[in-house]
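Down below is the structure, laid out as structure tokens.
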Amino acid sequence: MHNISFSKRLFTCILAGLIIGASAFRISITYFRTWGTTGGFSIIPFITVTVSVVYAFIWQARKTNNPSTLAFWQGLIRYGVAFDLAEFGWAKICHLQLEMPMSKLDLPYNAFSPSDLFWNFFSFSYQFGCIIAALQIAGAMLLLFQRTRLLGVFILLPLLANILLMDIFYQIGYSVVVHAAIMMAGTLYFLIIEFNRIKEFFFATTNRLPGLHFSRYVKLIIRLSIIYIPLLLIAMHGKVDKYPELTGKYEVKQLSVNQQLLYHNTCEDSILTMVYFDIKNGCVFQFNTPAKRWNGTFSKDNNQLKINWSAPKDKPVFNGTISTSNDPGKLMLAGMLGKDSIDVVLQKVNNRVLR
């Protein structure tokens, strides 16, 4: 009979306790919050992990190598991961997840937190959410059957890896990251114990596909082309932001049209209040509200500036000069906008840019 090491027993029991406890804790605070507090429910994973550790020592003390005991704890891992991911899948289908509050949809884009951006993006398409849900449910079911367990791992592993990375980099929350990491560890557990089968399948079996009769150096050049050709194309394309010293959002501090000073605190639509110099030579003139905008592109030659408008298309071209002052972030525009001469003093606004 194959000897089961104490480290394997302890790790399997702890992982099972973590997964069952984390899943039970999440289900409790999601569906049974009216029956208790988050602090009260947090005792659940503590109890499950404690019980699993204690049993691992009892199991070792008995000095038995009954494979059915190991199968039981591995079954808890499989069921815990499968149940948790299946619940996530059904929650997406039933509109309990990937939903964005309407009150946030009217906020400016740069007011969104990283987690708000995440939920807003994924809440746009219900069909896409259903596809992810179907993969979660299908992978969870496959994980529960002995013959399809590895196939379930291959389906769930990229899903969980993607979820974990998004939870981390979109700052969804520490507890969410820990939960996803625990479920990821449970899935990786079955990948690791099947390492020999996977190695034999991918590396030891005979390749029946025909090979190309090129020299090894030609093959190497072709393979490396996916690295150097894209980099060469990107280098030829140039930078997206050609004028980083100019790029930014500017507030109109002073505006004169035909030598007449205008005040931007008026509610007239014709008053220019904001100017944006953006990537890809983009330029936007905003008149009081974001609903009143001219969108175009600019070309710059030393201090000469020309702006052509694409929306609305019937707006006159700006031809003039752009210059800086001793004050940091201050620009002066002077030139002709159609038949009108304009002089604008701009002050850069230090707004938060989400990238």
Side-chain angles (χ1 to χ4, degrees), residues 8 11-27 30-31 45 48 70-99 118-119 121-170 172-173 175-205 207-209:
K8 185 174 183 179
F11 181 78
T12 303
C13 290
I14 291 176
L15 186 58
L18 279 172
I19 289 172
I20 296 299
S23 181
F25 173 72
R26 187 185 68 81
I27 294 298
T30 302
Y31 297 102
T48 56
L70 179 64
F72 170 79
W73 287 97
Q74 290 179 342
L76 285 180
I77 296 174
R78 283 195 291 163
Y79 184 82
V81 173
F83 182 88
D84 195 75
L85 290 174
E87 192 279 330
F88 270 122
W90 288 115
K92 291 180 179 67
I93 294 173
C94 298
H95 297 282
L96 297 178
Q97 200 184 28
L98 301 184
E99 294 291 322
F118 173 87
W119 287 109
F121 175 79
F122 282 99
S123 66
F124 178 77
S125 175
Y126 174 69
Q127 291 80 4
F128 178 78
C130 287
I131 292 173
I132 300 299
L135 289 173
Q136 288 178 317
I137 296 170
M141 287 299 299
L142 292 171
L143 193 65
L144 295 177
F145 293 93
Q146 195 74 14
R147 290 174 178 250
T148 59
R149 179 179 62 194
L150 203 53
L151 179 59
V153 169
F154 286 144
I155 293 174
L156 295 179
L157 200 57
L159 282 174
L160 283 167
N162 194 32
I163 290 170
L164 179 59
L165 291 174
M166 288 189 294
D167 288 344
I168 293 172
F169 293 107
Y170 281 88
I172 305 301
S175 61
V176 178
V177 171
V178 171
H179 184 90
I182 291 173
M183 297 304 156
M184 181 81 170
T187 308
L188 281 172
Y189 174 87
F190 292 103
L191 190 70
I192 294 170
I193 64 175
E194 297 285 4
F195 177 76
N196 290 331
R197 286 179 59 193
I198 295 170
K199 183 177 70 173
E200 182 179 356
F201 177 80
F202 284 106
F203 302 106
T205 54
N207 188 358
R208 298 184 180 181
L209 296 177

Point-to-point distance, once rounded to the nearest 0.5 Å, from CG of L98 to CZ of F121: 11.0 Å

- prompt: Which atoms form the tightest heavy-atom contact between A22 and P45, and what is the distance?
  reply: N-CB, 4.4 Å

task: Output yes when a side-chain donor or acceptor of S123 lies under 3.5 Å from a complementary backbone atom of E99, and no otherwise.
output: no

What donor-acceptor contacts under 3.5 angstrom involve side-chain atoms of residues 125-134, with partners at least two apart or in another chain?
| from | atom 1 | to | atom 2 | distance (Å) |
| --- | --- | --- | --- | --- |
| S125 | OG | F128 | N | 3.1 |
| Y126 | OH | I93 | O | 2.6 |

- line: On a heavy-atom basis, the closest approach of S23 and G80 is OG-O, 4.2 Å

field: Between CG on residue L18 and CG on residue L76, distance to nearest 0.5 Å
entry: 12.5 Å

task: Any chance you could lay out the side chain to side chain contact (heavy atoms under 4.5 Å, CB included) test for L143 and V153, step after step, and finish with the verdict?
output: CA-CA 7 Å; L143 193 65; V153 169; 3.7 Å; yes

message: How about CZ on F122, more than 12 heavy atoms from neighbouring residues, nucleotides or ligands closer than 6.0 Å, or not?
response: yes

message: Apply side chain to side chain contact (heavy atoms under 4.5 Å, CB included) to residues W119 and Q97 and explain how you reach the verdict.
response: CA-CA 9 Å; W119 287 109; Q97 200 184 28; 3.9 Å; yes

Would you be so kind as to tabulate the donor-acceptor pairs closer than 3.5 Å made by side chains of residues 159-170, with sequence neighbours excluded?
none

- request: Quick one: closest heavy-atom pair of G139 and I155, and the distance?
  value: CA-CG2, 4.1 Å

- prompt: Taking atom CG of L151 and atom CG of L156, what is their separation to the nearest 0.5 Å?
  reply: 9.5 Å

field: Student check: side-chain heavy atoms of T48 and F25 closer than 4.5 Å
entry: no

Heavy atoms of other groups near Y31 OH, more than 12 under 6.0 Å: yes

statement: Shortest non-hydrogen pair, A82 vs L144, comes out as CB-CD2, 3.8 Å

message: Measuring from atom CD1 of I19 to atom OH of Y79, what distance do you get when rounded to the nearest 0.5 angstrom?
response: 13.5 Å

message: Please determine whether the number of non-hydrogen atoms from other residues, nucleotides or ligands lying under 6.0 Å from atom CZ of F154 exceeds 12.
response: yes

Table please: side-chain donor-acceptor pairs of residues 180-200 below 3.5 Å, with sequence neighbours left out.
| from | atom 1 | to | atom 2 | distance (Å) |
| --- | --- | --- | --- | --- |
| T187 | OG1 | M183 | O | 3.0 |
| Y189 | OH | T12 | OG1 | 2.8 |
| Y189 | OH | Q74 | NE2 | 3.0 |
| E194 | OE1 | R197 | NH1 | 3.3 |
| E194 | OE2 | R149 | NH2 | 2.5 |
| E194 | OE2 | R197 | NH1 | 3.4 |

